[in-house]
Amino acid sequence: MKPTILKGTRDFGPQDIKRREYIFSTIKNVFELYGYGPLETPSMEHLHTLTGKYGDEGDALLFKVLNNGDFLSKANPEALENKDSNGLVASISKRGLRYDLTVPFARFVVMNHHALKFPFKRYQIQPVWRADRPQKGRYNEFYQCDVDVVGSSSLLYEAELVKIYDEVFTRLNLSTQIKVNNRKVLYGIAETAGIEAQFVDMTVALDKLDKIGEEKVAEEMERRGISKEAISKVLAGIAIKDIEQLPAFFTNAPTGMKGYEELKQVLSYLNAVEIKQELVFDISLARGLSYYTGCILEVVSKEVKMGSIGGGGRYDDLTSVFGMSDLSGVGISFGAERIYDVLLELDRFPEDTDATVPLILLSLDAAALAHSFNLAATIRSAGIPCDVYPEPAKMKKQMKYAAGRNIPLVMIIGEEEVQSKTYSVKIMETGEQTALSSDILIESLKALI
RNA sequence: GUGGUUGUAGCUCAGUUGGUUAGAGCGCCGGAUUGUGGUUCCGGAGGUCGCCGGUUCGAGACCGGUCUUCCACCCCA
C-alpha cells in the first residue's frame with residue numbers, strides 16, 4: 001500500500017524538530033523566568049470533561065474516540081435507528097482528544113486543589129486536536145504553549161502575561177501587535193445600547209470588524225436581530241480608540257465601567273515597564289471562546305499575514321463546571337505552528353537550528369577508515385559532535401555528501417595523515433584547508449567550530 | 001460542517017478541440033578529474049499522469065466517486 005499522512009497533520013524531520021525546539025525552549029525559558037512550572041495532562045479526556053466548554057462549534061470540532069469492544073451492542077438503539085449521529089455519540093464514545101490545554105488544566109486544578117498553593121502558576125506545551133477543515137496555518141493537530149495562573153483575581157497577572165508575550169516575541173526577533181480588550185467593556189457597549197440579551201450576537205459580529213469592515217458588521221448585527229438604533233450605538237462604541245473615552249460613552253453601564261477600571265489598572269501596571277512590542281487597545285477584539293469574562297488578549301504578526309499567533313484572557317467561571325467556584329484564572333497561549341510558519345517565511349530561524357554536525361571525517365582507504373573511527377571517538381569524548389563517512393569511497397562522493405548535509409568542517413584522513421598524525425581540515429564555506437597537529441587537535445577544532 | 005480549488009519525474013511546471021514511444025528546467029547518478037564539494041562539458045536513470053470506477057475504437061485530458069492541497073464561510077493557534 002501507498003503510505004499517506006492524515007489531512008491536517010504533518011511529519012517533522014530533523015531540521016523541523018530543531019527549529020521547533022528553538023521556539024519551545026525560548027517560550028519555556030521565559031515562562032520559567034516568570035515563575036511558572038511545567039504540567040502535562042493526557043491526550044485523551046472523558047468526553048464529558050471536554051464537551052460544552054467551547055460552545056456548539058467547539059463541540060463539533062472535538063475528535064471523539066470510539067469505544068473499544070462491542071460498542072454497537074451498547075449503542076443507544078433509538079439514535080442508531082434514526083441515524084442521529086449526535087445522539088449516538090454519547091453511547092459509543094466516552095473519550096475525546098483534548099481541544100485545548102485550558103480545560104484539562106481546570107480539571108487538574110479542581111482535582112488537585114488540596115495539594116496546590118494558590119495562586120498556582122503553570123505552563124503546558126503539548127499538542128491539541130481540532131477536527132477543523134485544514135488551511136494554511138491551520139492544522140488538525142498542533143501544539144499549544146499555555147501559561148495560566150489560577151486562584152487570584154489580581155490584575156497584575158494580566159500585566160505579567162502581556163509582558164511575557166512581549167518578552168517571547170522580542171526574543172524570537174518578531175514584530176507583533178499585542179491587542180488588549182476586556183469582555184466587560186464589550187458588555188458595557190451592549191448595556192449602553194440596551195441589548196444585553198444579544199451580547200453574544202454582538203460580539204460575534206464585532207470580532208469580524210478587522211476582516212469585513214464596519215458596514216458588513218452592521219449588516220450582520222441586523223441579521224441577528226439587533227435594532228438599528230442599537231447598532232448605531234454599538235458602532236459609536238467601537239469607534240473608541242482610547243480607553244479614556246469609555247466613561248463618557250457608557251451610560252447606565254456598571255459592568256462596562258468595571259471593565260474600564262480593569263483595563264486602566266492593567267495598562268497602568270504596564271506603563272511602568274518597558275514594552276518592546278506594540279501594545280494596543282482594540283475595542284473590537286472579542287475572541288470566540290465562551291469562557292472568557294474579563295481581560296482578553298490577542299497577538300498578530302505585523303510582518304506576515306497569518307491568523308493570530310497567540311491569544312488568551314481571564315476566565316472567572318471555568319472551574320465552576322467542575323464543582324469549584326470562586327477560582328479565577330487568567331492565561332495565554334502561543335500558537336507554535338503559526339509562529340513556526342512566520343519564522344520560516346521571514347527566514348528568521350537562527351543558523352544553529354540547522355540539523356547537522358559541525359565536522360565529518362572522510363577516509364581514503366580501509367586503514368584510514370579504521371583510524372578515523374578511532375579518532376572520532378577521541379573528538380567525541382572531548383564533547384565535539386562529529387560523523388564518520390562509513391566507507392573509503394571516492395573523495396568526490398564523500399565531499400558531495402558533506403556539502404549536501406551542510407557540514408561546515410571536513411577532515412581528510414589518508415595514508416599521509418595516519419603516518420604524520422597531522423590532519424588536514426577543510427573549511428567548506430571558504431575552501432580553505434589547514435593542517436592540524438594531533439597534540440593540539442581538540443583545541444584547534446574547538447577554535448574552528 | 002457548507003461552497004469552491006488543486007494533484008503530471010525528487011522539486012517547479014508544460015502537455016493545443018480526447019489520437020502513436022508524456023516533455024522542459026532544476027536536482028539526482030556516472031564520466032571528463034584513481035586525495036577534495038559548490039563552476040563547466042558529456043552521458044544516464046527516473047512517471048501505474050493522486051486513487052477507484054465510468055464514457056470511448058482510443059483518456060493525462062471528458063464524467064462520477066474518493067483522498068489530498070489551498071481558498072472563502074464558520075471558528076480559531
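Below, chains carry the letters A, B, ... as their sequence lines are ordered, and counting in each starts from 1. Please read these numbers as outputs of a predicted model, since none were measured by experiment.
Formation of a donor-acceptor pair under 3.5 Å by the A/Arg19 side chain with backbone atoms of A/Tyr340 is not found in this model. Side chain of A/Asp166 to backbone of A/Lys163: no donor-acceptor contact under 3.5 angstrom is found. Judged by distance alone, the side chain of A/Asp207 and the main-chain N or O of A/Ala286 form a donor-acceptor pair under 3.5 Å. Side chain of A/Arg95 to main chain of A/Glu45: no donor-acceptor pair is present (N/O by atom type, distance under 3.5 Å, no hydrogens or angles). For A/Asp365 (side chain) and A/Ala367 (main-chain N/O), a donor-acceptor pair under 3.5 Å exists by modelled atom type.
In this structure, a donor-acceptor pair under 3.5 Å is present between the side chains of A/Ser333 and A/Asp146. In this model, a donor atom of one side chain and an acceptor atom of the other lie less than 3.5 Å apart for A/Tyr54 and A/Asp100.
Both distances falling under 3.5 Å, in either a Watson-Crick or a G-U wobble arrangement, place B/C62 opposite B/G54. Searching all strands for a Watson-Crick or G-U wobble partner of B/U20 with both distances below 3.5 Å returns nothing. Pair assignment for B/G25: B/C11, on the basis of Watson-Crick or G-U wobble contacts that are both within less than 3.5 Å.
Listed pair A/Lys400 / B/C29 meets the phosphate criterion, a side-chain N or O lying under 4.0 Å from OP1 or OP2. Phosphate contact (OP1/OP2 of B/U36, side-chain N/O of A/Gln433, threshold under 4.0 Å): absent.
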Output side-chain donor-acceptor pairs under 3.5 Å for residues 399-418 of chain A, partner residues at least two apart or in another chain, one line each.
{"from": "A/Tyr401", "atom 1": "OH", "to": "A/Arg405", "atom 2": "NH1", "distance (Å)": "3.1"}
{"from": "A/Arg405", "atom 1": "NH1", "to": "A/Asp387", "atom 2": "OD2", "distance (Å)": "2.7"}
{"from": "A/Glu417", "atom 1": "OE1", "to": "A/Gly414", "atom 2": "N", "distance (Å)": "2.9"}
{"from": "A/Glu417", "atom 1": "OE2", "to": "A/Ser424", "atom 2": "OG", "distance (Å)": "3.3"}

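Whole-Å rounding puts the A/Ile427 CD1 to B/G38 C1' distance at 16 Å.
Comparing B/A77, B/C73, B/G30 against the side chain of A/Arg338 picks out B/A77 as the nearest. If you check B/G30, B/U36, B/A77 against the side chain of A/Tyr139, the one that comes closest is B/A77. With B/G35, B/G1, B/G37 as the choices, the nucleotide that has an atom nearest any side-chain atom of A/Met399 turns out to be B/G37. Taking every side-chain heavy atom of A/Lys396 into account, B/G37 is the closest of B/G35, B/G37, B/C70. Distance from the side chain of A/Glu417 is smallest to B/G35 among B/G30, B/G35, B/C76. Ranking B/G35, B/G30, B/C75 by closeness to the A/Met395 side chain, first place goes to B/G35.
Under a 4.0 Å N-O distance rule, the pair A/Glu303/A/Arg348 qualifies as a salt bridge.
By the criterion of a centre-to-centre distance under 5.5 Å and near-parallel planes under 30°, the ring of A/Phe142 forms a stack with the base of B/A77.
For the pair A/Arg130 and A/Tyr99, the distance from NZ or CZ to the six-membered ring centre is under 6.0 Å and the angle to the ring normal is within 45 degrees.
Remark: the separation of the P atoms in B/G50 and B/U16 is 14 Å, to the nearest Å. Comparing the P positions of B/C75 and B/U66 gives an interatomic distance of 27 Å, to the nearest angstrom. Taking atom C1' in both B/G27 and B/A9, one finds a spacing of 11 Å when rounded to whole Å. Across B/A72 and B/U12, the matching C1' atoms stand 27 Å from one another, rounded to whole Å.
A/Ile412 comes within 4.0 angstrom of a base, heavy atoms only. Among the heavy atoms of the strands lying under 4.0 Å from A/Gln144 are primed sugar atoms or P, OP1, OP2 only; no base atom is included. Note on A/Glu416: a base of the nucleic acid sits closer than 4.0 angstrom, heavy atoms only. Within the nucleic acid shown, A/Val204 comes within 4.0 Å of sugar-phosphate atoms alone, with no base atom in reach, counting heavy atoms only. Here A/Gly310 lies in heavy-atom contact (under 4.0 Å) with sugar-phosphate atoms only. Residue A/Gly431 is classed as a base contact, given a heavy-atom separation below 4.0 Å to a base.
Within 3.5 Å, a donor on the side chain of A/Arg133 pairs with an acceptor on the base of B/G3, or the reverse. A donor-acceptor contact under 3.5 Å is not formed by the side chain of A/Lys394 with the base of B/G35. A donor-acceptor contact under 3.5 Å is formed by the side chain of A/Lys426 with the base of B/U36.
A/Lys121 is listed as a side-chain neighbour of A/Glu160, based on a closest heavy-atom distance under 4.5 Å.
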message = Checking A/Tyr123 against A/Phe105 for the ring-ring contact (aromatic ring centres under 6.0 Å, His included) test, could you report, in this order, the C-alpha distance in whole Å, the side-chain angles of both residues, the deciding distance, and whether it holds?
response = CA-CA 10 Å; A/Tyr123 71 87; A/Phe105 172 56; over 10 Å; no
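For the pair A/Glu429 and A/Arg138, both in contact range of RNA chain B, the more 5′-proximal nearest nucleotide belongs to A/Glu429. When the nearest nucleotides of RNA chain B are assigned to A/Ala403 and A/Phe334 by heavy-atom distance, the more 5′-ward of the two goes with A/Ala403.
Residues of residues 5-19 of chain A having a heavy atom closer than 4.0 Å to RNA chain B, listed by number: A/Lys7, A/Gly8.
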Check nucleotides 7-11 of chain B against the protein and report each pair of N or O atoms closer than 3.5 Å, with its distance, or say if there are none.
none

